[in-house]
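Everything on this sheet refers to the single structure shown next.
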There are 2 protein chains.
Amino acid sequence: MTLDERKKLILESIIKDYVETAEPVGSRAMVKKHGLKISAATVRNEMSDLEDMGYLEQPHTSAGRIPSQKGFRYYVDCMMEQENLDEKETQVLLHLLDDSFQEVNDLVQKIGHFLAQITKYTSFVIIPSVRLSKFKYLQLVPIEPGKALVLLVTDLGVVMHRNIEVPQSITAPEMELIGRMFNQVLAGKKITEIQRSDLQQLRDELKQRRKVIDRTLEAIESLLDNSSEERVIISGALNIMNEPEFKDVDKLKKILAFLEEETQLMGMLPESLGDEVDIRIGQENQSEDFKDLSFVFASYQTQGEQGKMGLMGPVRMEYWKAVGSLDSVRDIIEEIIKKRF
Amino acid sequence: MTLDERKKLILESIIKDYVETAEPVGSRAMVKKHGLKISAATVRNEMSDLEDMGYLEQPHTSAGRIPSQKGFRYYVDCMMEQENLDEKETQVLLHLLDDSFQEVNDLVQKIGHFLAQITKYTSFVIIPSVRLSKFKYLQLVPIEPGKALVLLVTDLGVVMHRNIEVPQSITAPEMELIGRMFNQVLAGKKITEIQRSDLQQLRDELKQRRKVIDRTLEAIESLLDNSSEERVIISGALNIMNEPEFKDVDKLKKILAFLEEETQLMGMLPESLGDEVDIRIGQENQSEDFKDLSFVFASYQTQGEQGKMGLMGPVRMEYWKAVGSLDSVRDIIEEIIKKRF
DNA sequence: TGTTAGCACTCTCTCTTATTGAGTGCTAAT
DNA sequence: ATTAGCACTCAATAAGAGAGAGTGCTAACA
């Protein structure tokens, strides 16, 4: 279904106005505001057509029109021109990321913050699971007699550690040796790929230090368990409070509670994303609770694995800005990761 | 100023009712509900007296009475019996903490969560600054040629790390040596106590490896800077949304924004706390923004240093429960820390 | 045949005006 | 000192009366 130029123009005007003001748009006001060359009556006729086609709706008989979710969908699919970060915004982001950051997590945190700030929506950035990154380095660090620290570093600079107990008798050089063995067997493997057989091999080679090995293996497993779920970092959750459609505390509570439960958010992520952004408008989200929220998802690549990020806002969202920001940020983030790791 | 028994009884009844319902309490309703042996008219007279004394106030002429902030203060100071955790709650907490946790931070996180859940208020727990804990162990871990990790462990099990760049030429044994030197000089010192002279001594002893030393020192400093501010962990921020006095989105926004700014919260903590809890009712907080919030603060001791925790709720707060919970939790937390570290 | 002006009609929003009911304060009786 | 009785107050709710923005329809127009 395609619309003629004038209908498109009118739909676009209504969307822009409504996104800005959150109020139904009337024919007269619209003609005035946009300085259109046609009369209000004509606009009314066109509006009526658009309503019949399902792209507009009326809150009540004598109100102006607002875009329906189908209207937004049409706009997004067929008419929208995305609005990337401008020069200044890009500078701000680059400057923000210029400071030394230690690992991917810091980077992601900052990006999330930036996205929320620039769009005024709620942002979330998902850090790819460490399971998918590569094992880089392991060391056993003796802390005090009977205690040691398992230190695990991945290729993206993520450092994980965990305390273990070891026999009092074991010496520092022995521990070092054990660490070295681990490194030989595991170096460069994807963390998901570490197999029982590898671990078994280790056990065999280091029979005489079984206890330390076992503890270390347990520690590694526990580290992976703890961080195997992808972590999501949410920023700007309070931004939704500025949207007039969420002046109601109960609605708000539902949304904020949803954001607090990371698992819920993870659950509604798109399985996999290409280069395209994925836009979910209102009811296109399964859940009843999100029927007046929209989401825009995008992905970024790190060392071959996929991270995700997104923005959440009202249905009355500046999709062009959201999509453009995500797109620009994706480019920047990928470049930086390539350069740094 | 002391009140006679009957006035106390009436004040208490009003407080209990008002805390429960958030509605002004009328004389008749009160007599009925509590099965008092005196008539509504008598209660009215007493109420009138209490109002003259400033312990009660009337939202408007023909409404019931609500306790004034002074009334709450009197109750808290002179009449309140704190309500500690009961058997079951204690069990829940102990069970929660039974699982292995790696360091103080995990412990604190869980405690915060528990406090928020049990009281239905917003909790915050402050982790004592690492500056105050003791240096336990440092190691330089070679990660790959030209890169190393500075690993710093404190006596409370907090592990901090940071990447540094090192000359390609340096060997693992050399690094180990450097680490050992650091340990000798710094071992057991409080982190605040590490003096320039100590660091200078190190520089002298290890002249030939100046670059590594310098980088390591920078890393240590940066670690300390990053974690020298006491960290605060906030739980149950959304609980305030259940209080009828915060049905207004703008009020809510102010409070949530306040909670997001950790520094602001830190700024209003009491300087030092004895064993007593510190209660701040409404306007007793300096800021205008908190005039309808109450805070209850308490401290806990870790290895000689003081951590703090607290609860935030409406002025209409169950102070007895808040104080009791904090008191009980303090005992439990201190015992566990003593046992573990 | 598409566009426009004119006009009656609709519906929300806001501002007033009752009405109700919980609660008080005062007075007089116990 | 306590209590019953009663007039009075005031918020909260409901009901009614414009006002205003916007529509849909009809008839005139290019």
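Each chain gets a letter, A, B and so on, in the order the sequences are listed, and its residues count up from 1.
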So does B:Glu20 pair up with B:Lys33, basic N to acidic O under 4.0 Å? yes
Hey, does the side chain of A:Arg6 come within less than 4.0 Å of C:dT3's phosphate (OP1/OP2), counting only N and O? yes
Distance in angstrom units between A:Met47 CE and D:dG22 P, rounded: 9 Å
How long is the line joining NE2 of B:His60 and C1' of C:dG23, in whole Å? 9 Å
Determine: side-chain N/O of B:Arg44 to OP1/OP2 of D:dC6, distance under 4.0 Å, yes or no. no
When the nearest nucleotide of DNA chain D is assigned to A:Val25 and to B:Ser62 on a heavy-atom basis, which residue is associated with the more 5' position? B:Ser62
Pairwise distance OH(B:Tyr55) to NZ(B:Lys70) - rounded to 0.5 angstrom: 4.5 Å
Looking at B:Arg65, I'd like to know whether one of its side-chain N or O atoms comes within less than 4.0 Å of OP1 or OP2 on C:dT24. yes
Nearest-nucleotide 5' precedence on DNA chain D, B:Thr61 against A:Ser27: B:Thr61
Whole angstrom is fine here: how far is it from CD in A:Glu51 over to P in D:dC25? 11 Å
With sequence neighbours excluded, what pairs up with A:Arg316 under the salt bridge (Lys or Arg N to Asp or Glu O under 4.0 Å) test? A:Glu243, A:Glu245
Using OP1 and OP2 only, check whether a side-chain N or O of A:Thr42 sits under 4.0 Å from C:dT4. yes
Step-by-step side chain to side chain donor-acceptor pair (under 3.5 Å) determination, A:Ser328 to A:Ser325: CA-CA 5 Å; A:Ser328 299; A:Ser325 302; over 6 Å; no
